[in-house]
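Letters go in sequence order (proteins before strands), and every chain restarts at 1. Values below: all heavy atoms of this structure, side chains included; hydrogens, waters and symmetry mates excluded.
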Number of protein chains: 2
Amino acid sequence: MVKIKTEKTTEEKILAAAKKVFISKGMSGARMQDIADEAGINKALLHYYFRSKEKLFEVIFLEAAQKLFPKINSIFESDMPLFQKIEHFSEEYITVMAENPYLPLFVLNEINQDPETFLNKIWGKQNLPRPQKFLEQIEKEVRKGTIKKVSPLHLLMNLISLSVFPFVAKSMIQFTLGLDELQYRAIMEQRKKEIPKFIIDSIKK
Amino acid sequence: MVKIKTEKTTEEKILAAAKKVFISKGMSGARMQDIADEAGINKALLHYYFRSKEKLFEVIFLEAAQKLFPKINSIFESDMPLFQKIEHFSEEYITVMAENPYLPLFVLNEINQDPETFLNKIWGKQNLPRPQKFLEQIEKEVRKGTIKKVSPLHLLMNLISLSVFPFVAKSMIQFTLGLDELQYRAIMEQRKKEIPKFIIDSIKK
DNA sequence: ATATATTTTAACCAAATAGTTAACAAAGTA
DNA sequence: TACTTTGTTAACTATTTGGTTAAAATATAT
């Protein structure tokens, strides 16, 4: 019988704790002490593994951004037909976000605090959404006459809005509608099918 | 010729400065010194007019929340027919938010940081969205057969997502699409008509 | 076993930051 | 004018917080 290592290394504990604290409090609201407590270690250890709060934050933020965008691009830039792409996108996106519901708000908020820093320095632009191909595809379908004459840009914004916003407004939605965690998840599950149906019903001829 | 007072009172200067700083940096990222500088006054004056950072923040946050929700409710609860309500909502909402584009992200983010505090203590629930009547109205239309068999809840979420998200993601959108302020505003202007068209095309029989 | 390198901690430090105080200035009032 | 209230400031204080240090504990190599 081989012994399998299940204990987290200190670095993993730190990263998990940092992720939790940064995502719930944001960069400026997070305290190094809170992260240390959450990880069950001494504060000095944070600085031993990651030099500063900024460095630690950068790791967490990049990981979050990686999770948010690359998958979007791989779908946007694939060769699927339009309707299938729309279905695939909301399915995939909601699946990933259901496991990390606070991620979109976290990323959007940090970007908003200092767009310059985040959008230029931290990212190579390969991580950013590249909707070009998707936009062209819509335009082509419009010209072919297979869908109604819709604005590609607005259709893009619609697809993303419908998929992302329910996560950004999670707390709000749960509170105003009185939903517990399970009910919320169930509704997000439904949306995987609801969104493409809603969109396709609107644009198909 | 009567002299008209155009100078701001100190209190107004503070509120304007606090609004600007809090909305761009958030509660935890904002510095009292920044607010004082922005208002062109001494830091001690902030404490003279508002006792603490928290008190000052509460004023700003409430004002922001007031602007965000009551109008929504007055539309949701009016007696307009459904389609007109949808048109009216996106028109009204986008008009208000175009003047305060960072407001939704600010409010959603602060709520997220501490839902308990914000949603219970600070608000009397009269400010929160009350979508009940709107949901019932949709259900009625479905039963009458005037629109397709859609989920009222998802339709509600769709309308709000489509209207609010483009403001929440403003920085992101501008950066990835390379839009300046004017172009962004123009697109939001278009959305006032695009959103209701998009929705109604989807649900009408 | 001994020595060396790595990991972890408690105690400390310096900078940042919310909040206070006491004195001064301006405006209102008798 | 004298006096009181209101508004404003510079300088200061207390606390929070990111970061450091030096020593102890643990693991690793010889």
Side-chain angles (χ1 to χ4, degrees), chain A residues 2-62 106 109-110 113-114 117-118 121-122, chain B residues 2-62 106 109-110 113-114 117-118 121-122:
Chain A
V2 178
K3 187 187 173 193
I4 295 170
K5 214 196 288 178
T6 54
E7 314 91 29
K8 279 188 186 173
T9 67
T10 303
E11 189 170 342
E12 287 167 339
K13 280 193 287 185
I14 292 175
L15 285 172
K19 187 176 169 183
K20 184 171 172 183
V21 174
F22 275 132
I23 285 181
S24 89
K25 304 281 187 181
M27 165 65 179
S28 62
R31 299 288 155 242
M32 292 299 264
Q33 188 60 59
D34 296 342
I35 296 173
D37 292 349
E38 178 74 34
I41 55 158
N42 190 288
K43 185 163 68 88
L45 255 193
L46 296 181
H47 290 91
Y48 177 77
Y49 280 88
F50 303 87
R51 259 192 32 192
S52 66
K53 186 184 180 183
E54 281 200 1
K55 288 261 189 290
L56 178 54
F57 176 79
E58 202 172 305
V59 173
I60 301 299
F61 180 81
L62 274 178
F106 168 69
N109 192 55
E110 296 299 335
Q113 309 254 325
D114 191 346
T117 308
F118 289 112
K121 282 189 196 162
I122 297 194
Chain B
V2 178
K3 188 187 173 191
I4 296 170
K5 215 196 288 181
T6 55
E7 315 91 32
K8 280 189 187 175
T9 68
T10 302
E11 189 170 343
E12 287 167 338
K13 280 193 287 185
I14 292 175
L15 285 172
K19 187 176 168 182
K20 185 171 171 182
V21 174
F22 275 131
I23 284 180
S24 89
K25 305 279 187 181
M27 164 65 178
S28 62
R31 299 287 156 247
M32 292 299 264
Q33 188 61 58
D34 295 342
I35 295 173
D37 293 348
E38 178 74 34
I41 56 158
N42 189 288
K43 187 163 67 85
L45 254 194
L46 296 182
H47 290 90
Y48 178 77
Y49 279 88
F50 304 86
R51 261 190 31 191
S52 66
K53 187 183 178 183
E54 281 200 1
K55 287 260 188 293
L56 178 55
F57 176 78
E58 200 172 308
V59 173
I60 301 299
F61 180 81
L62 274 178
F106 168 69
N109 192 55
E110 297 296 338
Q113 309 253 326
D114 192 346
T117 308
F118 289 112
K121 285 191 194 158
I122 298 195

*Within 6.0 angstrom of E12(A) CD, more than 12 heavy atoms from elsewhere*: yes
Between protein and nucleotides 22-24 of chain D, what N or O pairs are separated by less than 3.5 Å?
none

*Any idea how F118(A) and F61(A) line up, ring-wise: parallel (<30°), tilted (30 to 60°), or perpendicular (>60°)?*
tilted
*Nearest-Å distance, NE2 (H47(A)) to P (dG19(D))?*
4 Å
*Does K53(B) reach the main-chain N or O of A30(B) with its side chain, forming a donor-acceptor pair under 3.5 Å?*
yes
_I need the full list of side-chain hydrogen bond (donor to acceptor under 3.5 Å, both in side chains) pairs touching residues 13-23 of chain B, with sequence neighbours left out, sorted by first then second residue._
K20(B)-E38(B)
*In residues 28-36 of chain A, which residues come under 4.0 Å of DNA chain D by heavy atom?*
A30(A), R31(A), M32(A)
*Could you tell me which non-hydrogen atom of A17(B) sits nearest to which non-hydrogen atom of I35(B), and how far apart they are?*
CB-O, 3.5 Å
*Do the side chain of Q113(A) and the main chain of E110(A) share a donor and acceptor less than 3.5 angstrom apart?*
no
*Grab the two heavy atoms, one from N42(A) and one from A36(A), that are nearest each other, plus how far apart they are.*
C-CB, 4.1 Å
*Shortest non-hydrogen contact from L45(B) to I14(B)?*
O-CD1, 4.1 Å
*Just the endpoints, please: which first and last nucleotides of DNA chain C, 5' to 3', lie under 4.0 Å from a heavy atom of chain B?*
dT17(C) to dT21(C)
*Is the gap between the ring centers of F106(A) and F22(A) under 6.0 Å?*
no
*Would you name the heavy atoms of H47(B) and S52(B) that are closest together and state the gap between them?*
CD2-CA, 4.2 Å
*Dump the intermediate steps for side chain to side chain contact (heavy atoms under 4.5 Å, CB included) on L56(B) and Y49(B), then the final yes or no.*
CA-CA 9 Å; L56(B) 178 55; Y49(B) 279 88; over 6 Å; no
_Classify F50(A) by what it touches in the nucleic acid, base, sugar-phosphate, or nothing, heavy-atom distance under 4.0 Å._
nothing
Mind listing the N/O atom pairs, protein and nucleotides 9-12 of chain D, below 3.5 Å?
residue: dT9(D); atom: OP2; partner: N42(B); partner atom: N; Å: 3.2
residue: dA10(D); atom: OP2; partner: N42(B); partner atom: ND2; Å: 3.2
residue: dA10(D); atom: N7; partner: N42(B); partner atom: ND2; Å: 3.2

*Are the side chain of K43(B) and the backbone of D37(B) linked by a donor-acceptor contact shorter than 3.5 Å?*
no
_Nucleic acid contacts - residues 10-27 of chain A versus DNA chain C, non-hydrogen atoms under 4.0 Å_ = T10(A)
_Q33(B) atom CD, over 12 foreign heavy atoms within 6.0 Å_ = yes
